[in-house]
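Within every chain, numbering begins at 1; the chains are lettered A, B, ... in the order of the sequence lines, protein sequences first and strands thereafter.
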There are 2 protein chains.
Amino acid sequence: MPRKNLPLVSPPAPPAVEASVPLPPFEQGNHDKGRKTRGEGAIWRQIAAALRNPIQLGEWQPGARLPIELELAAHFRVNRHTVRRALADLARDGLIATTQGRGTFITTGEKVRYQLDGQDPISDAVWPGLTTLSSSLVRDRKVEAGLKMGALLGLPTIHGVHEIELRLTADDVPLALATIRLARDAFPRFLDVLRREGSLQKALASYGYDHFHPAKTTVAARQADDRECGLLKIKPPSLLTVVEAVANHVGPAGSVAPVFVLQTALCTTRVDLHVVHASPRP
Amino acid sequence: MPRKNLPLVSPPAPPAVEASVPLPPFEQGNHDKGRKTRGEGAIWRQIAAALRNPIQLGEWQPGARLPIELELAAHFRVNRHTVRRALADLARDGLIATTQGRGTFITTGEKVRYQLDGQDPISDAVWPGLTTLSSSLVRDRKVEAGLKMGALLGLPTIHGVHEIELRLTADDVPLALATIRLARDAFPRFLDVLRREGSLQKALASYGYDHFHPAKTTVAARQADDRECGLLKIKPPSLLTVVEAVANHVGPAGSVAPVFVLQTALCTTRVDLHVVHASPRP
DNA sequence: ACATATTTGTTCGTATGTATC
DNA sequence: GGATACATACGAACAAATATG
C-alpha cells in the first residue's frame, strides 16, 4: 500500500529512507582527565554543533535516519542524556524530528508561503500557489469577551463572542490553526451558516459583510501547547508564528468598523511568513 | 549606588524584589504506587502547567523570586531534574529567567513596539514612542555574496558585500540586532562613512540614496545562538523574531533597484511586532 | 493477530562544576 | 573564602510507542 507522496510540504512521518548518516569525528576539547565541563563550553553544545554542521550544509539527505541514541552516545563517548540534550536542541530548531519507537530523522526544509498582503485578511491570496488547502472545524466555543477582545471589537464590557477555530491543511499536512472571534449579537447562528456556506468569506458575506481591511496586525512567536501540537501533528517544543489581525468592514461611504479578529497560528517549521507592502508613494 | 530605574523595558537583572511566591497545591494525578509516568502525562508537564497558571494570570509580581530548585522538588515531591525540566519549559516561553548562582525570577511582560509600516525600512518610525533608542556597532565583516544574497541584491555570482551588525538598545536593555548587507562596490569605505554620519540613513544618503521602499519582507522565528544571546543579554533557549527586508531605492523616475538587505532580529520577550497596512482601496 | 525486540521518553539518584552573593 | 544555587554529566531503571517476526 504505497503512501502517496506529498508534493508541497514534508510529511510528519518521513519516508522510508533508511540510510544512516556518517557521523562527524569528534574531539572532546581538552579532556582534562575525567569528564564534566571543559573550557570549550558544555559537551552537549559541542555535540549539537557537530551535528548541526552537516545538516545545515545539506550533506545529509532529508529523511535520513540518525543512529540511535545509544550509538550516538558511544560515538561521542558520553552518556545518553548528553546526546539527548544535544538532539533536543536540534529538534527545537526543526532540523531533526524524533519519534518514540521509530528513531531520529533529518527533516526537510521546504516551506509553504503565507502572505500578508494588506488587503482582505481572509482572502485566498494569503496562501499563494497552494491549491490543495482545506480547512476543517476543530473547535467552537461561546465565550465572554475579555477586556482586550472587547476593546479590539469595540464591544461593551460584557458581550458574548463566537470563537471558532479552523485547521488549515494541505496534502494531509496541517499548516496552521485559524481562530476567528466575532460578536454573537451581530452574527446569530454563525456556525450553521459557516457550515452551510463552506467558507468564512461566504458566511460573512451572507450577513452583508463583503469587504474587509485589516487593522492592528501583530506578529508574535511562541511555543505550541499540547492541544495545538496534537492538532498540527507536531511535537513540543515546536514554534508557532501567530498573526493576529482585526478586520474592519469597509462600508460604502468608506466608513470602517471592527467586525472580527482573526488569529492565525502558523506552524513555523512548515510555513514562511511574507509581508507584501503597497507600492511606494510618489 | 542606586541603580537607575528602567522606564520602558524590564532589565535583564530583576530588581531586588525578593518576596518568594506562594506555590500552588499539587496533586500528583493518580499516583499508582511509586513513581514514573501516570495517566495524566509526564509529571514535568503537570508541574509546568501548575506553575504557568499563576504566572500568566499575573498573580505573582514580576521580579518575584521562585523557591530554589530543591525546595520546588520537595514541594512537588519529585526529583530536582523533574523540576528543572518544567522550569526550562517556562523559560523557553519567557515567563521566568534563571541565573546561575542567583535564582529563578518571574519576568515582566512589558514590551516595546516595533512597527513595519511599509515605508522606509530604516526610518525611526519603526520604534514609535521609543525616545532612548541607541545603536552600537557590534560586527563588521566583508563576505562574498552567496547565491541567495546575490539574488536578493541583484548581484553577479561572485561579489563582495559589507555585512554590518548593529545592536539596538534602550535604557541599557538590548532589544534587537540589525544586520545590513550591501555591495562593497557601490559603497566604498561604508564603515568609515557610517561612523562619521552616525546613522544608517545619513550614511546611505551621503552616497546619494535617500528614498527607500521595502520589498520581499519576510518574518521568521528562531532560537538565538550563543553569540546573539551574549549580545542581547539573554540566555538560550530564547526566541528571536527575524524580519528581513530588501530595500529598493526609489529613483526620481519611479525606478526601483535593490540596494541593501536589512535583517532585524528582535528579542521576542522584549519586543512586539506590529504590521501597519496601507489605507483601504476605494 | 500476537508476542517480542527496538527505540525514544521519563524519572530517580548521585556527583561535581561554576557563577553569584 | 565560604555559602548558596543553578548547570552539567554520569548511571540505572522502567514506560510507552513503534517496528518486526
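Within a 6.0 Å sphere centred on CG of A/Leu147, other residues, nucleotides and ligands contribute 12 heavy atoms or fewer.
Considering CG of B/Leu166 and OG1 of B/Thr179, their distance stands at 8.0 Å, rounded to 0.5 Å.
One atom, CG of B/Leu70, and another, P of D/dA3, lie 17 Å apart when rounded to the nearest Å. Residue B/Arg84 contributes atom CZ, which lies 11 Å from atom P of D/dA9 at whole-angstrom precision. Between the P atom of D/dT4 and the CG atom of B/Leu66 lies a distance of 20 Å, rounded to the nearest Å. Atoms CZ (B/Arg77) and C1' (C/dG13) sit 17 Å apart, rounded to a whole Å. The distance between atom CD1 of A/Ile43 and atom P of C/dT18, rounded to the nearest whole Å, is 11 Å. As a whole-Å value, the separation of A/Leu72 CG from C/dT7 P is 12 Å. The interatomic distance linking A/Leu87 (CG) with C/dG9 (C1') rounds to 13 Å, in whole Å.
Checked against salt bridge (charged side-chain N to carboxylate O under 4.0 Å, His left out), A/Arg167 has no partners two or more places apart in sequence or in another chain.
Of the candidate nucleotides C/dT11, C/dT8, D/dA9, D/dA9 has the atom lying nearest to any side-chain atom of A/Ala42.
If you check distances only, the side chain of B/Gln100 does reach the base of C/dG17 with a donor-acceptor pair under 3.5 Å. Checked by distance alone, A/Arg80 brings a side-chain donor or acceptor within 3.5 Å of a matching partner on the base of C/dG9.
Within the 4.0 Å cut-off from OP1 or OP2 of D/dC6, not a single side-chain nitrogen or oxygen of B/Lys235 is found. A sub-4.0 Å separation between OP1 or OP2 of C/dT7 and a side-chain N or O of A/Thr99 is absent. Applying the 4.0 Å criterion to OP1 and OP2 of D/dA7, one finds that B/Thr98 has a side-chain N or O inside that range. Not one side-chain nitrogen or oxygen of A/Asn79 sits closer than 4.0 Å to the OP1 or OP2 atom of D/dA9.
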Nucleotides 19-21 of chain D: which of its N/O atoms have a protein N/O under 3.5 Å away?
from   : atom 1 : to       : atom 2 : distance (Å)
D/dA19 : OP1    : A/Arg102 : NH1    : 2.5

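Within the 3.5 Å criterion, the main-chain N or O of A/Leu239 finds a donor-acceptor partner in the side chain of A/Thr268. B/Asn79 contributes a side-chain N or O that, together with a main-chain N or O of B/His81, makes up a donor-acceptor pair within less than 3.5 Å.
C/dA1: no Watson-Crick or G-U partner with both key distances under 3.5 Å is found in any strand.
Closest-nucleotide positions on DNA chain C for B/Arg85 and B/His81 were compared, and the one nearer the 5' end corresponds to B/Arg85.
A donor atom on one side chain and an acceptor atom on the other are found under 3.5 Å apart for B/Thr98 and B/Lys235.
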Starting from the C-alpha separation in whole Å, work towards a yes-or-no answer on side-chain contact (heavy atoms from CB on, under 4.5 Å) for A/Cys267 and A/Leu175. CA-CA 6 Å; A/Cys267 182; A/Leu175 297 179; 5.8 Å; no
